Amino acid sequence: MGQLAYSGYSVSHESDEKADVVIINTCGFIHDAKQESIDTILAAIHDKQNGLIEQVYVTGCLSERYKKELPIEIPEVDQYFGTHDMIKLLKVFGAEYKHELIGERKLSTPNHYAYLKISEGCDRSCSFCAIPMIRGRHISRDIESLVKEAEKLAEKGVKELILIAQDLTFYGLDIYGERKLNDLLKALTKIDGIEWIRLHYAFPTGFPEEVIQTIAKEEKICNYMDIPLQHINDDILKSMKRGHNKTIANKLIAKLRKSVPNLAIRTTLIVGYPGETEEKFQELKDWIQKMRFDRLGVFSYSHEEQTHAGELIDDVPEHIKKERVDEIMALQSQISWEINQQKVGNIYRCIFDRIEDKYYVGRTEFDSPEVDNEVRVDATKYQIDLGKFIQIKITKAEAFDLYGEIV
Ligand code: SF4
């Protein structure tokens, strides 16, 4: 978006704005994401046929993964691009890729937070996952360019950086010969204006020890850690080729909780993986009950072609997968409600993202945008500037929402 804007195009991320050209960045790693991407393409084609837009381009993971099939199945798209085709895509618009524009991003998020993608691709071979096939091998960006990008973002008003990658903890191994997430974090904490740094998608195997100490020490690094653990039954973890087992997962969580008091741990799980019997599912539920994660998301297993698990028998019926998702979410909802009740009366530093239904909607350092809990403050009673940090006293708590007042 930044590259096109520099070349004189008016670029918007919002789909409700009027445009001559639509570029759809697709996702394609599991069934639901593929369906959403296809629905979005078909809606744009419909608009094109009705004369509302002139051209439709499709890029990203779906068009990389199905580069042969899509032009045949949906030929109305003007051109398809893969995950490494940004330069080609820009050329369609007569724009040259300019390396010096690093950091000159047009944000698709509110001005005060930005995702910082520190590496691309993945060297692991988790059995259920199509991502390495789509995005290729792990390629880290160097620390200098990430710091430069973060500095430019800070100059534009970004206060919170959300670090993402397919495998955050692998960062640096490919280009420096060693894991460098810790060095990167230290460099980012020195940037003026950046007040919160949040870590997403930290793979549990080979977790860099020193990062735990840095989270504990550095004020700017949120007491928040997103570790996708996927399951807890040893047979399933082995089949998933995750490289860890129940004992290792439990030890890592215990260590994180001991080293960083108040750490909010988020995890994601998959239910309905081949071979997940009632007994194994029950083991997962018992473990969730015991671990009491602060945040938890759960996916229904998606049987993907060209993955290792795709060769197994998808033996858990879809309706059982759905029931298991619902059961886990009901369980987590109760856990989250109980954890949230303990927050009533406490004061938290919050940042406010938007206004909705007469409430300012914000977050604590323990919450990432869109996926975690929110803090709501009555907009008929208070005036809050979005993107500012404010001390909020929690007055009421629900399962996933907190309500509060300005202190
Ligand atoms: S680490 Fe993540 S992206 Fe890489 S293969 Fe495993 S699940 Fe996929």
Side-chain angles (χ1 to χ4, degrees), residues 25-34 37 60-62 64-66 82-84 115-141 162-175 179-181 184 198-208 211 225-246 248-249 252-253 265-276 284 293 295-312 314 321 325 368 371:
N25 191 18
T26 55
C27 185
F29 80 123
I30 52 172
H31 173 268
D32 289 358
K34 289 190 267 191
S37 295
C61 289
L62 187 83
E64 174 73 35
R65 189 171 179 189
Y66 298 103
T83 46
H84 299 97
Y115 294 93
L116 186 66
K117 191 153 200 192
I118 66 170
S119 61
E120 188 56 82
C122 183
D123 276 9
R124 302 197 189 263
S125 48
C126 303
S127 65
F128 51 82
C129 184
I131 290 174
M133 173 177 73
I134 303 170
R135 311 246 20 148
R137 299 208 60 168
H138 191 114
I139 303 171
S140 302
R141 287 181 55 194
I162 303 170
L163 269 52
I164 52 169
Q166 264 83 46
D167 180 359
L168 204 79
T169 40
F170 193 93
Y171 175 76
L173 253 180
D174 53 323
I175 54 170
R179 292 173 195 266
K180 285 276 191 186
L181 181 60
L184 174 65
R198 186 180 299 287
L199 308 184
H200 267 291
Y201 320 130
F203 195 86
T205 307
F207 196 98
V211 169
M225 175 61 72
D226 174 13
I227 316 173
L229 290 161
Q230 311 299 8
H231 213 278
I232 202 57
N233 173 267
D234 278 344
D235 294 341
I236 301 255
L237 284 172
K238 192 167 175 211
S239 175
M240 284 179 165
K241 299 182 192 293
R242 296 285 289 174
H244 72 272
N245 57 22
K246 186 174 193 170
I248 294 173
L252 177 62
I253 293 163
I265 300 183
R266 173 179 182 80
T267 195
T268 40
L269 305 168
I270 294 174
V271 291
Y273 183 85
E276 189 193 57
L284 181 64
F293 290 103
R295 318 278 178 252
L296 185 145
V298 56
F299 288 92
S300 165
Y301 169 72
S302 177
H303 202 54
E304 293 299 315
E305 66 231 359
Q306 291 176 282
T307 60
H308 299 291
E311 287 162 20
L312 304 174
D314 187 14
K321 289 181 189 168
V325 166
S368 200
V371 289

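Because the structure is a prediction, the values reported are computed rather than measured. Every number for a ligand or one of its atoms is a count from 1 in the order of the listing.
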Visitor: For the pair Tyr273 and Ser127, evaluate side chain to side chain donor-acceptor pair (under 3.5 Å) and give the outcome as yes or no after the intermediate values.
Guide: CA-CA 10 Å; Tyr273 183 85; Ser127 65; 2.7 Å; yes
Visitor: Report, in ascending order of atom number, the atoms of ligand 1 lying under 4.0 Å from any heavy atom of Cys129.
Guide: 3 (S), 5 (S), 7 (S), 8 (Fe)
Visitor: Quick check on contacts: which atoms of ligand 1 are under 4.0 angstrom from a heavy atom of Pro132?
Guide: 5 (S)
Visitor: State if Arg242 counts as touching ligand 1 under the rule of any non-hydrogen atom under 4.0 Å.
Guide: yes
Visitor: Going by an N to O cut-off under 4.0 Å, is there a salt bridge joining Lys246 and Asp235?
Guide: no
Visitor: Is the positively charged end of Arg124 above the ring of Phe203, judged by distance under 6.0 angstrom from the centroid and angle within 45° of the axis?
Guide: yes
Visitor: As an exercise, identify every atom of ligand 1 less than 4.0 angstrom from a heavy atom of Gln166.
Guide: 2 (Fe), 3 (S)
Visitor: Does the plane of the ring in Phe170 sit parallel, tilted or perpendicular to the ring in His138? Use 30° and 60° as the thresholds.
Guide: tilted
Visitor: Can you tell me if Cys122 has an N, O or S atom under 2.8 Å away from atom 6 (Fe) of ligand 1?
Guide: no
Visitor: How about Ile253 and Leu229: do any of their side-chain heavy atoms sit closer than 4.5 Å?
Guide: yes
Visitor: Side chain or backbone of Phe203 under 4.0 Å from ligand 1, or both, or neither, by non-hydrogen atoms?
Guide: side chain
Visitor: Under 4.0 Å between a side-chain nitrogen and a carboxylate oxygen: does that hold for Asp123 and Arg137?
Guide: yes
Visitor: May I ask you to identify the nearest protein heavy atom to atom 6 (Fe) of ligand 1, giving residue, atom name and distance to one decimal place in Å?
Guide: Cys126 SG, 2.3 Å
